[in-house]
Amino acid sequence: MFATNYQKVLFVLVALSVLLRFFSFFPSVMDHDESTYLVIANEMLHHKTLYTDLIDIKPPGIFLLYALQLWLVKSVFFTRLVTALVVAATAYCLYIAKRQQTPNNSQSAFATGVIYVFLCSTFTFYGVSPNTELYFNAFTALALVLFNKQRLVYYFFGGLMMGIGFIIKYMVLLDFTAFMLWAFVAMLLAGVSLPKAIGQMFVRASLAFVGLLLPLAACHLYYYLTNNFDAYYFITYIAPKRYANTWQPLHMAQLIGDYYLRFLPISFFFFYTLFQSKSPKNERLFALIWTFLSLIAVTLPSNRFGHYTIQLMLPTAYLAGSFFAADAIRPKWANVVLQKNIGYPLLALIIGIIVYLQKHDCYDKPDIPQQTANYLNAHLQPTEILYTGNTQHIVYLLTNTLSPIPYVHRGLIFDKKHIRSIAIDTTAQINRLIALQPTYILQQDTLPNKRLQQFVQQQYTLVQTIDNKVQIFKRMD
(Lines give C-alpha, C1' and ligand atoms only; values in the text may rest on other atoms or scores of the structure.)
Protein backbone atom coordinates (compact mmCIF):
# COMPACT_ATOMS: atom_id res chain seq x y z
CA MET A 1 0.00 0.00 0.00
CA PHE A 2 1.46 3.33 -1.10
CA ALA A 3 1.59 6.33 1.21
CA THR A 4 -0.39 9.41 0.24
CA ASN A 5 1.29 12.79 -0.27
CA TYR A 6 -0.06 13.92 3.12
CA GLN A 7 1.45 10.89 4.83
CA LYS A 8 4.78 11.47 3.12
CA VAL A 9 4.81 15.09 4.27
CA LEU A 10 4.00 14.06 7.84
CA PHE A 11 6.81 11.49 7.80
CA VAL A 12 9.33 14.05 6.50
CA LEU A 13 8.33 16.64 9.10
CA VAL A 14 8.55 14.13 11.96
CA ALA A 15 11.92 12.83 10.74
CA LEU A 16 13.29 16.36 10.30
CA SER A 17 12.10 17.50 13.73
CA VAL A 18 13.56 14.46 15.49
CA LEU A 19 16.84 14.77 13.59
CA LEU A 20 17.30 18.49 14.24
CA ARG A 21 16.38 18.16 17.92
CA PHE A 22 17.91 14.74 18.65
CA PHE A 23 20.84 15.82 20.82
CA SER A 24 18.53 18.04 22.86
CA PHE A 25 16.83 14.88 24.18
CA PHE A 26 19.75 14.02 26.47
CA PRO A 27 20.67 16.84 28.91
CA SER A 28 18.61 16.90 32.08
CA VAL A 29 18.33 20.70 31.97
CA MET A 30 18.08 23.05 29.03
CA ASP A 31 15.98 25.76 30.64
CA HIS A 32 14.82 26.19 34.23
CA ASP A 33 11.24 26.83 33.06
CA GLU A 34 11.03 23.33 31.60
CA SER A 35 12.48 21.92 34.82
CA THR A 36 9.71 23.67 36.74
CA TYR A 37 7.03 22.14 34.51
CA LEU A 38 8.53 18.69 34.99
CA VAL A 39 8.95 18.88 38.75
CA ILE A 40 5.51 20.37 39.39
CA ALA A 41 3.87 17.88 37.01
CA ASN A 42 5.58 15.01 38.81
CA GLU A 43 4.38 16.27 42.19
CA MET A 44 0.85 16.66 40.84
CA LEU A 45 0.99 12.94 40.11
CA HIS A 46 1.73 12.53 43.83
CA HIS A 47 -1.63 14.19 44.59
CA LYS A 48 -0.34 17.69 45.28
CA THR A 49 -2.55 20.57 44.16
CA LEU A 50 -1.30 23.29 41.83
CA TYR A 51 -1.42 26.82 43.31
CA THR A 52 -1.83 25.57 46.90
CA ASP A 53 0.78 22.84 47.44
CA LEU A 54 2.77 23.93 44.38
CA ILE A 55 3.15 27.59 43.46
CA ASP A 56 3.95 29.01 40.04
CA ILE A 57 2.62 31.96 38.09
CA LYS A 58 1.90 30.11 34.84
CA PRO A 59 -1.58 28.85 33.84
CA PRO A 60 -2.35 25.18 34.53
CA GLY A 61 -2.31 23.86 30.95
CA ILE A 62 1.41 23.29 30.61
CA PHE A 63 1.59 21.41 33.92
CA LEU A 64 -1.31 19.17 32.90
CA LEU A 65 0.39 18.33 29.59
CA TYR A 66 3.64 17.42 31.34
CA ALA A 67 1.79 15.43 33.99
CA LEU A 68 0.24 13.37 31.20
CA GLN A 69 3.65 12.73 29.66
CA LEU A 70 5.23 11.73 32.98
CA TRP A 71 2.24 9.52 33.75
CA LEU A 72 3.02 7.64 30.53
CA VAL A 73 6.84 7.58 30.89
CA LYS A 74 8.76 9.29 33.69
CA SER A 75 11.73 10.39 31.59
CA VAL A 76 13.14 13.74 30.48
CA PHE A 77 14.25 12.04 27.25
CA PHE A 78 10.66 11.00 26.56
CA THR A 79 9.25 14.51 27.14
CA ARG A 80 11.84 15.97 24.76
CA LEU A 81 10.86 13.39 22.14
CA VAL A 82 7.20 14.34 22.64
CA THR A 83 8.12 17.99 22.16
CA ALA A 84 9.81 17.14 18.85
CA LEU A 85 6.62 15.36 17.77
CA VAL A 86 4.57 18.39 18.85
CA VAL A 87 6.77 20.63 16.67
CA ALA A 88 6.27 18.26 13.74
CA ALA A 89 2.51 18.12 14.34
CA THR A 90 2.35 21.93 14.40
CA ALA A 91 4.29 22.09 11.13
CA TYR A 92 1.92 19.53 9.63
CA CYS A 93 -1.12 21.59 10.68
CA LEU A 94 0.46 24.63 9.02
CA TYR A 95 0.97 22.54 5.90
CA ILE A 96 -2.71 21.52 5.88
CA ALA A 97 -3.87 25.09 6.57
CA LYS A 98 -1.76 26.35 3.70
CA ARG A 99 -3.16 23.67 1.38
CA GLN A 100 -6.68 24.70 2.41
CA GLN A 101 -6.06 28.33 1.53
CA THR A 102 -3.93 27.67 -1.58
CA PRO A 103 -5.07 24.23 -2.86
CA ASN A 104 -2.93 24.32 -6.00
CA ASN A 105 0.33 25.18 -4.27
CA SER A 106 1.50 22.10 -2.39
CA GLN A 107 5.13 23.17 -2.82
CA SER A 108 4.73 26.33 -0.74
CA ALA A 109 2.67 24.43 1.85
CA PHE A 110 5.42 21.87 2.28
CA ALA A 111 8.01 24.64 2.54
CA THR A 112 5.89 26.29 5.26
CA GLY A 113 5.98 23.13 7.38
CA VAL A 114 9.71 22.62 6.88
CA ILE A 115 10.49 26.26 7.69
CA TYR A 116 8.54 26.05 10.96
CA VAL A 117 10.57 23.00 12.04
CA PHE A 118 13.82 24.85 11.26
CA LEU A 119 12.68 27.96 13.13
CA CYS A 120 11.88 25.95 16.27
CA SER A 121 14.92 23.69 16.13
CA THR A 122 17.96 25.88 15.54
CA PHE A 123 18.67 28.00 18.63
CA THR A 124 18.56 26.66 22.19
CA PHE A 125 16.45 29.40 23.76
CA TYR A 126 14.39 30.09 20.65
CA GLY A 127 12.61 26.77 20.39
CA VAL A 128 15.01 23.90 21.03
CA SER A 129 14.48 24.16 24.77
CA PRO A 130 10.84 23.14 25.39
CA ASN A 131 8.56 25.88 26.60
CA THR A 132 4.90 26.86 26.64
CA GLU A 133 4.97 28.46 23.19
CA LEU A 134 5.80 25.20 21.42
CA TYR A 135 2.75 23.57 22.95
CA PHE A 136 0.17 26.31 22.49
CA ASN A 137 1.38 26.87 18.92
CA ALA A 138 0.23 23.33 18.17
CA PHE A 139 -3.32 24.13 19.28
CA THR A 140 -3.23 27.44 17.41
CA ALA A 141 -2.22 25.73 14.15
CA LEU A 142 -4.86 23.04 14.62
CA ALA A 143 -7.49 25.73 15.25
CA LEU A 144 -6.50 27.43 11.99
CA VAL A 145 -7.14 24.17 10.14
CA LEU A 146 -10.59 23.94 11.74
CA PHE A 147 -11.49 27.59 11.09
CA ASN A 148 -10.52 27.18 7.43
CA LYS A 149 -13.32 24.62 7.02
CA GLN A 150 -15.77 27.54 7.35
CA ARG A 151 -18.56 25.55 9.00
CA LEU A 152 -20.14 26.73 12.24
CA VAL A 153 -19.37 23.55 14.16
CA TYR A 154 -15.69 23.89 13.25
CA TYR A 155 -15.64 27.43 14.60
CA PHE A 156 -16.71 26.03 17.94
CA PHE A 157 -14.09 23.28 17.91
CA GLY A 158 -11.43 25.67 16.62
CA GLY A 159 -12.23 27.95 19.55
CA LEU A 160 -12.02 24.96 21.87
CA MET A 161 -8.51 24.16 20.61
CA MET A 162 -7.47 27.75 21.18
CA GLY A 163 -9.05 27.54 24.62
CA ILE A 164 -6.68 24.71 25.48
CA GLY A 165 -3.85 26.89 24.21
CA PHE A 166 -5.23 29.77 26.28
CA ILE A 167 -4.81 27.87 29.56
CA ILE A 168 -1.21 27.20 28.53
CA LYS A 169 -0.48 30.88 27.91
CA TYR A 170 -2.98 33.70 27.74
CA MET A 171 -1.28 35.40 24.78
CA VAL A 172 -3.06 32.89 22.52
CA LEU A 173 -5.91 35.40 22.64
CA LEU A 174 -3.99 37.55 20.15
CA ASP A 175 -3.82 34.67 17.65
CA PHE A 176 -7.55 34.13 18.16
CA THR A 177 -8.19 37.81 17.46
CA ALA A 178 -6.11 37.60 14.28
CA PHE A 179 -8.10 34.61 12.99
CA MET A 180 -11.47 36.22 13.71
CA LEU A 181 -10.40 39.53 12.16
CA TRP A 182 -9.14 37.77 9.05
CA ALA A 183 -12.35 35.75 8.70
CA PHE A 184 -14.29 39.02 8.68
CA VAL A 185 -11.94 40.71 6.21
CA ALA A 186 -12.03 37.64 3.93
CA MET A 187 -15.82 37.87 3.77
CA LEU A 188 -15.63 41.49 2.67
CA LEU A 189 -12.96 40.68 0.07
CA ALA A 190 -15.20 37.91 -1.25
CA GLY A 191 -17.94 40.46 -1.93
CA VAL A 192 -20.18 39.81 1.07
CA SER A 193 -22.06 42.96 2.04
CA LEU A 194 -20.97 44.66 5.27
CA PRO A 195 -24.25 44.03 7.20
CA LYS A 196 -24.30 40.38 6.16
CA ALA A 197 -20.60 39.93 6.99
CA ILE A 198 -21.14 41.45 10.44
CA GLY A 199 -24.08 39.13 11.12
CA GLN A 200 -22.29 35.99 9.96
CA MET A 201 -19.10 36.89 11.78
CA PHE A 202 -20.97 37.59 14.99
CA VAL A 203 -22.39 34.05 14.99
CA ARG A 204 -19.07 32.42 14.06
CA ALA A 205 -16.97 34.45 16.50
CA SER A 206 -19.50 33.85 19.28
CA LEU A 207 -19.32 30.07 18.79
CA ALA A 208 -15.52 30.22 18.67
CA PHE A 209 -15.38 32.38 21.80
CA VAL A 210 -17.65 29.98 23.71
CA GLY A 211 -15.30 27.16 22.74
CA LEU A 212 -12.30 29.22 23.85
CA LEU A 213 -13.84 29.90 27.27
CA LEU A 214 -14.72 26.29 28.08
CA PRO A 215 -11.25 25.11 29.23
CA LEU A 216 -10.86 28.25 31.34
CA ALA A 217 -14.32 27.71 32.83
CA ALA A 218 -13.41 24.10 33.59
CA CYS A 219 -10.35 25.28 35.53
CA HIS A 220 -12.45 27.74 37.51
CA LEU A 221 -15.00 25.04 38.29
CA TYR A 222 -12.35 22.53 39.39
CA TYR A 223 -10.72 24.91 41.83
CA TYR A 224 -14.12 26.03 43.13
CA LEU A 225 -15.28 22.47 43.76
CA THR A 226 -12.02 21.53 45.47
CA ASN A 227 -12.16 24.60 47.75
CA ASN A 228 -8.96 26.06 46.28
CA PHE A 229 -10.52 28.88 44.28
CA ASP A 230 -8.92 31.73 46.25
CA ALA A 231 -5.41 30.45 45.47
CA TYR A 232 -6.34 29.92 41.80
CA TYR A 233 -7.93 33.38 41.57
CA PHE A 234 -4.84 35.04 43.04
CA ILE A 235 -2.45 33.38 40.57
CA THR A 236 -4.79 33.93 37.61
CA TYR A 237 -5.91 37.51 38.16
CA ILE A 238 -3.81 39.23 40.83
CA ALA A 239 -0.22 38.00 40.48
CA PRO A 240 0.12 38.74 36.71
CA LYS A 241 -0.63 42.43 37.38
CA ARG A 242 2.19 42.55 39.92
CA TYR A 243 4.53 40.62 37.64
CA ALA A 244 4.09 42.93 34.64
CA ASN A 245 7.05 45.09 33.61
CA THR A 246 7.04 48.70 32.47
CA TRP A 247 6.84 48.58 28.69
CA GLN A 248 10.22 49.43 27.16
CA PRO A 249 9.98 50.16 23.42
CA LEU A 250 13.73 50.04 22.80
CA HIS A 251 14.15 46.65 24.44
CA MET A 252 11.21 45.27 22.52
CA ALA A 253 12.60 46.64 19.26
CA GLN A 254 15.87 44.87 20.06
CA LEU A 255 14.02 41.61 20.74
CA ILE A 256 12.15 41.75 17.44
CA GLY A 257 15.19 42.94 15.51
CA ASP A 258 17.24 40.09 16.97
CA TYR A 259 14.53 37.64 15.93
CA TYR A 260 14.44 38.69 12.30
CA LEU A 261 18.23 38.96 11.98
CA ARG A 262 18.80 35.67 13.80
CA PHE A 263 16.56 33.80 11.40
CA LEU A 264 17.95 35.08 8.13
CA PRO A 265 17.39 34.01 5.38
CA ILE A 266 13.91 32.86 6.48
CA SER A 267 12.97 36.40 7.49
CA PHE A 268 14.12 37.53 4.03
CA PHE A 269 11.72 35.02 2.45
CA PHE A 270 8.95 36.40 4.65
CA PHE A 271 9.48 40.08 3.91
CA TYR A 272 10.21 39.54 0.22
CA THR A 273 6.89 37.74 -0.19
CA LEU A 274 5.07 40.28 1.97
CA PHE A 275 6.17 43.19 -0.24
CA GLN A 276 6.03 41.32 -3.54
CA SER A 277 2.96 42.80 -5.20
CA LYS A 278 2.48 39.79 -7.47
CA SER A 279 2.22 37.39 -4.52
CA PRO A 280 -1.37 36.41 -3.62
CA LYS A 281 -3.02 39.41 -1.96
CA ASN A 282 -5.17 37.46 0.49
CA GLU A 283 -2.24 35.40 1.68
CA ARG A 284 -0.15 38.49 2.33
CA LEU A 285 -2.96 40.32 4.08
CA PHE A 286 -3.69 37.35 6.36
CA ALA A 287 0.00 37.02 7.23
CA LEU A 288 0.22 40.76 7.90
CA ILE A 289 -2.76 40.70 10.31
CA TRP A 290 -1.46 37.59 12.06
CA THR A 291 2.09 38.95 12.33
CA PHE A 292 0.94 42.31 13.69
CA LEU A 293 -1.11 40.74 16.47
CA SER A 294 1.64 38.20 17.21
CA LEU A 295 4.10 41.07 17.59
CA ILE A 296 1.77 42.59 20.19
CA ALA A 297 1.64 39.24 22.01
CA VAL A 298 5.44 38.92 21.99
CA THR A 299 6.21 42.47 23.10
CA LEU A 300 3.31 43.24 25.47
CA PRO A 301 4.91 41.55 28.54
CA SER A 302 8.07 43.63 27.89
CA ASN A 303 10.37 40.71 28.69
CA ARG A 304 13.36 40.01 26.45
CA PHE A 305 12.96 36.25 26.50
CA GLY A 306 13.83 34.57 23.23
CA HIS A 307 11.21 31.86 23.64
CA TYR A 308 8.45 34.50 23.49
CA THR A 309 9.21 34.91 19.76
CA ILE A 310 8.20 31.28 19.10
CA GLN A 311 4.62 32.58 18.85
CA LEU A 312 5.78 34.76 15.95
CA MET A 313 7.20 31.75 14.11
CA LEU A 314 3.74 30.61 12.98
CA PRO A 315 2.96 33.58 10.71
CA THR A 316 6.63 33.85 9.73
CA ALA A 317 6.68 30.27 8.45
CA TYR A 318 3.23 30.63 6.91
CA LEU A 319 4.24 33.42 4.55
CA ALA A 320 7.92 32.53 4.12
CA GLY A 321 6.82 29.22 2.61
CA SER A 322 5.20 31.10 -0.28
CA PHE A 323 8.67 32.16 -1.41
CA PHE A 324 9.04 28.57 -2.65
CA ALA A 325 5.74 28.40 -4.56
CA ALA A 326 6.09 26.96 -8.05
CA ASP A 327 4.76 30.18 -9.61
CA ALA A 328 6.48 32.59 -7.21
CA ILE A 329 8.51 35.47 -8.57
CA ARG A 330 11.94 35.35 -6.95
CA PRO A 331 15.30 37.09 -7.44
CA LYS A 332 17.44 35.43 -10.09
CA TRP A 333 20.07 34.39 -7.55
CA ALA A 334 17.41 32.62 -5.52
CA ASN A 335 16.30 30.58 -8.51
CA VAL A 336 19.90 29.53 -9.05
CA VAL A 337 20.34 28.51 -5.40
CA LEU A 338 17.06 26.58 -5.42
CA GLN A 339 18.17 24.30 -8.25
CA LYS A 340 18.36 20.72 -6.98
CA ASN A 341 22.10 20.34 -7.57
CA ILE A 342 22.74 23.38 -5.34
CA GLY A 343 19.71 23.56 -3.04
CA TYR A 344 19.77 19.97 -1.74
CA PRO A 345 23.50 19.94 -0.83
CA LEU A 346 23.09 23.37 0.79
CA LEU A 347 20.11 22.13 2.81
CA ALA A 348 22.07 19.06 3.90
CA LEU A 349 24.97 21.31 4.97
CA ILE A 350 22.64 23.51 7.04
CA ILE A 351 21.12 20.47 8.74
CA GLY A 352 24.59 19.11 9.46
CA ILE A 353 25.74 22.40 10.99
CA ILE A 354 22.64 22.64 13.21
CA VAL A 355 23.01 19.05 14.42
CA TYR A 356 26.74 19.48 15.06
CA LEU A 357 26.30 22.72 17.02
CA GLN A 358 23.44 21.24 19.01
CA LYS A 359 25.55 18.21 19.88
CA HIS A 360 28.27 20.55 21.11
CA ASP A 361 25.82 22.70 23.07
CA CYS A 362 23.62 19.95 24.55
CA TYR A 363 25.31 16.56 24.45
CA ASP A 364 29.04 17.13 24.85
CA LYS A 365 28.86 19.25 28.00
CA PRO A 366 28.87 17.58 31.43
CA ASP A 367 25.38 17.01 32.82
CA ILE A 368 25.91 18.40 36.32
CA PRO A 369 22.32 17.93 37.56
CA GLN A 370 22.42 14.27 36.49
CA GLN A 371 25.80 13.78 38.18
CA THR A 372 24.37 15.37 41.32
CA ALA A 373 21.36 13.07 41.16
CA ASN A 374 23.60 10.03 40.66
CA TYR A 375 25.44 10.79 43.89
CA LEU A 376 22.23 11.41 45.82
CA ASN A 377 20.55 8.29 44.44
CA ALA A 378 23.43 6.28 45.86
CA HIS A 379 23.17 7.85 49.32
CA LEU A 380 19.70 9.32 49.83
CA GLN A 381 17.33 7.12 51.86
CA PRO A 382 13.59 6.96 51.00
CA THR A 383 12.52 8.86 54.13
CA GLU A 384 15.18 11.55 53.89
CA ILE A 385 14.41 15.09 52.70
CA LEU A 386 16.30 16.94 49.97
CA TYR A 387 16.31 20.69 49.33
CA THR A 388 17.97 21.77 46.08
CA GLY A 389 18.66 25.34 47.22
CA ASN A 390 19.82 27.61 44.42
CA THR A 391 20.88 24.74 42.13
CA GLN A 392 18.86 23.04 39.41
CA HIS A 393 15.53 21.87 40.82
CA ILE A 394 15.23 19.11 38.19
CA VAL A 395 17.21 17.07 40.75
CA TYR A 396 13.90 16.46 42.56
CA LEU A 397 12.61 14.56 39.54
CA LEU A 398 15.92 12.78 38.92
CA THR A 399 16.01 11.54 42.53
CA ASN A 400 12.26 10.86 42.73
CA THR A 401 11.92 13.20 45.72
CA LEU A 402 9.43 16.00 46.41
CA SER A 403 10.13 19.66 47.07
CA PRO A 404 9.88 20.46 50.81
CA ILE A 405 8.32 23.87 50.04
CA PRO A 406 5.59 24.92 47.55
CA TYR A 407 7.94 27.20 45.61
CA VAL A 408 9.62 24.67 43.33
CA HIS A 409 11.39 27.11 41.01
CA ARG A 410 14.81 27.77 42.53
CA GLY A 411 14.52 31.54 42.17
CA LEU A 412 11.09 32.22 43.60
CA ILE A 413 11.94 32.66 47.28
CA PHE A 414 15.22 34.43 46.49
CA ASP A 415 14.10 36.92 43.81
CA LYS A 416 12.54 40.22 44.94
CA LYS A 417 10.28 40.51 41.90
CA HIS A 418 8.79 37.07 42.42
CA ILE A 419 8.49 37.60 46.16
CA ARG A 420 6.47 40.75 45.49
CA SER A 421 4.41 39.29 42.63
CA ILE A 422 3.33 36.08 44.36
CA ALA A 423 3.28 37.58 47.88
CA ILE A 424 5.80 35.07 49.23
CA ASP A 425 6.39 35.09 52.97
CA THR A 426 10.09 34.34 52.73
CA THR A 427 10.59 34.22 56.49
CA ALA A 428 7.85 31.61 56.85
CA GLN A 429 9.33 29.47 54.08
CA ILE A 430 12.83 29.61 55.57
CA ASN A 431 11.36 28.72 58.99
CA ARG A 432 9.59 25.80 57.35
CA LEU A 433 12.82 24.56 55.79
CA ILE A 434 14.73 24.85 59.05
CA ALA A 435 11.98 23.02 60.92
CA LEU A 436 12.02 20.18 58.37
CA GLN A 437 15.77 19.70 58.84
CA PRO A 438 16.47 18.38 55.31
CA THR A 439 19.05 15.61 55.21
CA TYR A 440 20.71 17.13 52.15
CA ILE A 441 20.89 20.74 50.99
CA LEU A 442 22.46 21.76 47.69
CA GLN A 443 24.01 25.09 46.89
CA GLN A 444 26.06 26.79 44.21
CA ASP A 445 28.44 29.46 45.51
CA THR A 446 26.34 30.76 48.44
CA LEU A 447 22.61 30.74 49.15
CA PRO A 448 21.01 34.18 48.57
CA ASN A 449 19.23 34.09 51.93
CA LYS A 450 21.66 34.86 54.78
CA ARG A 451 19.66 33.08 57.47
CA LEU A 452 19.43 29.91 55.41
CA GLN A 453 23.14 30.14 54.56
CA GLN A 454 23.99 30.49 58.25
CA PHE A 455 21.80 27.48 59.05
CA VAL A 456 23.70 25.36 56.51
CA GLN A 457 27.07 26.49 57.83
CA GLN A 458 26.15 25.61 61.40
CA GLN A 459 24.23 22.38 60.94
CA TYR A 460 25.65 20.77 57.77
CA THR A 461 28.91 19.42 56.44
CA LEU A 462 30.11 19.39 52.85
CA VAL A 463 30.17 15.79 51.60
CA GLN A 464 30.60 16.21 47.84
CA THR A 465 31.28 18.80 45.17
CA ILE A 466 30.11 18.18 41.60
CA ASP A 467 32.30 19.64 38.84
CA ASN A 468 33.52 22.41 41.17
CA LYS A 469 30.04 23.96 41.02
CA VAL A 470 27.35 22.16 43.00
CA GLN A 471 28.05 21.58 46.68
CA ILE A 472 26.19 18.80 48.48
CA PHE A 473 25.77 19.37 52.20
CA LYS A 474 24.55 16.71 54.62
CA ARG A 475 23.03 17.39 58.02
CA MET A 476 25.31 16.61 60.93
CA ASP A 477 23.53 14.11 63.18
Side-chain angles (χ1 to χ4, degrees), residues 31-37 40 50-51 55-63 123-127 129 131-137 140 165-178 181 216 230-263 267 288-316 390 393 406-427 429 448-449:
D31 183 89
H32 56 81
D33 282 347
E34 181 206 20
S35 298
T36 303
Y37 310 147
I40 288 181
L50 184 62
Y51 307 135
I55 310 297
D56 196 83
I57 201 168
K58 292 203 170 49
I62 192 65
F63 303 107
F123 296 101
T124 300
F125 297 111
Y126 291 76
S129 174
N131 220 310
T132 52
E133 289 80 9
L134 292 178
Y135 282 87
F136 76 67
N137 271 5
T140 299
F166 186 69
I167 63 168
I168 296 174
K169 189 175 182 181
Y170 300 132
M171 289 302 170
V172 169
L173 190 60
L174 276 299
D175 291 312
F176 178 82
T177 304
L181 179 58
L216 182 65
D230 287 345
Y232 172 74
Y233 182 88
F234 175 79
I235 291 295
T236 304
Y237 296 104
I238 305 301
K241 296 177 184 178
R242 299 178 177 180
Y243 189 74
N245 293 323
T246 302
W247 201 71
Q248 303 180 66
L250 180 59
H251 286 175
M252 293 303 95
Q254 291 172 337
L255 176 68
I256 299 305
D258 174 83
Y259 168 76
Y260 284 117
L261 289 174
R262 179 181 297 270
F263 287 107
S267 53
L288 182 62
I289 292 171
W290 195 3
T291 299
F292 174 74
L293 285 161
S294 294
L295 284 169
I296 294 176
V298 170
T299 59
L300 192 61
S302 199
N303 287 316
R304 293 176 62 180
F305 297 144
H307 64 86
Y308 280 18
T309 62
I310 296 171
Q311 187 167 2
L312 191 56
M313 292 176 184
L314 288 172
T316 300
N390 62 341
H393 44 283
Y407 303 96
V408 170
H409 190 293
R410 62 178 179 170
L412 290 185
I413 66 169
F414 300 131
D415 181 79
K416 291 181 180 179
K417 180 179 179 180
H418 288 108
I419 292 171
R420 182 182 68 255
S421 301
I422 315 178
I424 302 173
D425 187 340
T426 306
T427 301
Q429 294 304 317
N449 184 278

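Quick note: residue numbers are just sequence positions, from 1.
- Of all heavy-atom pairs spanning Ala178 and Ile289, the tightest one is O-CG2, 3.9 Å.
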Asp33 and Lys58: CA distance, side-chain angles, deciding distance, side-chain contact (heavy atoms from CB on, under 4.5 Å) verdict: CA-CA 10 Å; Asp33 282 347; Lys58 292 203 170 49; 4.1 Å; yes

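- Of the possible donor and acceptor atoms, one in the side chain of Ser302 sits under 3.5 Å from a partner among the backbone N and O of Thr246.
- For the pair Leu255 and Asn303, the tightest heavy-atom approach, listed with the atom from each and the gap, is CD2-O, 3.8 Å.
- Between Phe166 and Tyr170, the ring planes lie tilted relative to each other; the angle falls in the 30° to 60° range.
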Asn131 vs Glu34, side-chain contact (heavy atoms from CB on, under 4.5 Å): CA-CA, chis, key distance, verdict: CA-CA 6 Å; Asn131 220 310; Glu34 181 206 20; over 6 Å; no

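- To the nearest 0.5 Å, atoms OG1 (Thr36) and CD1 (Ile55) are separated by 13.0 Å.
- Gly127 and Leu134 get closest at one heavy-atom pair: O-CD1, 3.1 Å.
- Separating the CG atom in Asp230 from the CD1 atom in Ile238 is a distance of 10.5 Å, to the nearest 0.5 Å.
- Applying the salt bridge (Lys or Arg N to Asp or Glu O under 4.0 Å) rule to pairs touching residues 291-307 yields nothing, sequence neighbours excluded.
- The closest side-chain donor-acceptor pair between Ser267 and Tyr259, if any, does not fall under 3.5 angstrom.
- Not a single donor-acceptor pair under 3.5 Å links the side chain of Trp290 to the backbone N or O of Thr316.
- Not a single side-chain hydrogen bond (donor to acceptor under 3.5 Å, both in side chains) links Thr132 to another residue, sequence neighbours left out.
- Each salt bridge (Lys or Arg N to Asp or Glu O under 4.0 Å) pair with one or both residues in residues 249-259, not counting sequence neighbours, appears once here: Asp258-Arg262.
- Between the CD1 atom of Ile168 and the CZ atom of Phe63 there is a distance of 11.0 Å, given to the nearest 0.5 Å.
- Leu300 CG to Met252 CE: the interatomic distance, rounded to the nearest 0.5 Å, is 10.0 Å.
- No donor-acceptor distance shorter than 3.5 angstrom exists from the side chain of Thr236 to the backbone of Tyr233, with no hydrogens or angles considered.
- The closest side-chain heavy-atom distance from Asn449 to Ile413 is not below 4.5 Å.
- With a 4.5 Å cut-off on side-chain heavy atoms, Ser421 and Lys241 do not count as touching.
- Of all non-hydrogen atoms in Ile235 and Ile57, the two that sit nearest each other are CG2-O, 3.9 Å.
- Between the side chains of Gln311 and Asp175, at least one donor-acceptor pair of N or O atoms lies under 3.5 Å.
- For Thr426, there are no side-chain hydrogen bond (donor to acceptor under 3.5 Å, both in side chains) partners at least two apart in sequence or on another chain.
- Taking OG1 of Thr309 as the start and CZ of Phe123 as the end, the distance is 10.5 Å to the nearest 0.5 Å.
- When only modelled atom types and interatomic distance are considered, Asp56 and Tyr37 share no side-chain donor-acceptor pair under 3.5 Å.
- For the residue pair Ile419 and Leu412, the shortest heavy atom distance occurs at CG1-O, 3.5 Å.
- Taking Glu133 as the reference, Lys169, His307 meet the side-chain hydrogen bond (donor to acceptor under 3.5 Å, both in side chains) condition, with sequence neighbours excluded.
- Ring planes of His409 and His32: perpendicular class, angle over 60° (limits at 30 and 60°).
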Ring pair (Phe, Tyr, Trp, His ring centres under 6.0 Å) assessment of Tyr51 paired with Phe234: CA-CA 9 Å; Tyr51 307 135; Phe234 175 79; over 10 Å; no

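- Legend: residues meeting side-chain hydrogen bond (donor to acceptor under 3.5 Å, both in side chains) with Asp425, ordered by chain and number and at least two apart, are absent.
- Between the CG atom in Leu288 and the CG atom in Leu293 there is a gap of 9.5 Å [rounded to 0.5 Å].
- Of all heavy-atom pairs spanning Thr299 and Trp247, the tightest one is O-NE1, 2.8 Å.
- Annotation: Phe305 is not in aromatic contact with Phe125 [ring centroid separation under 6.0 Å not met].
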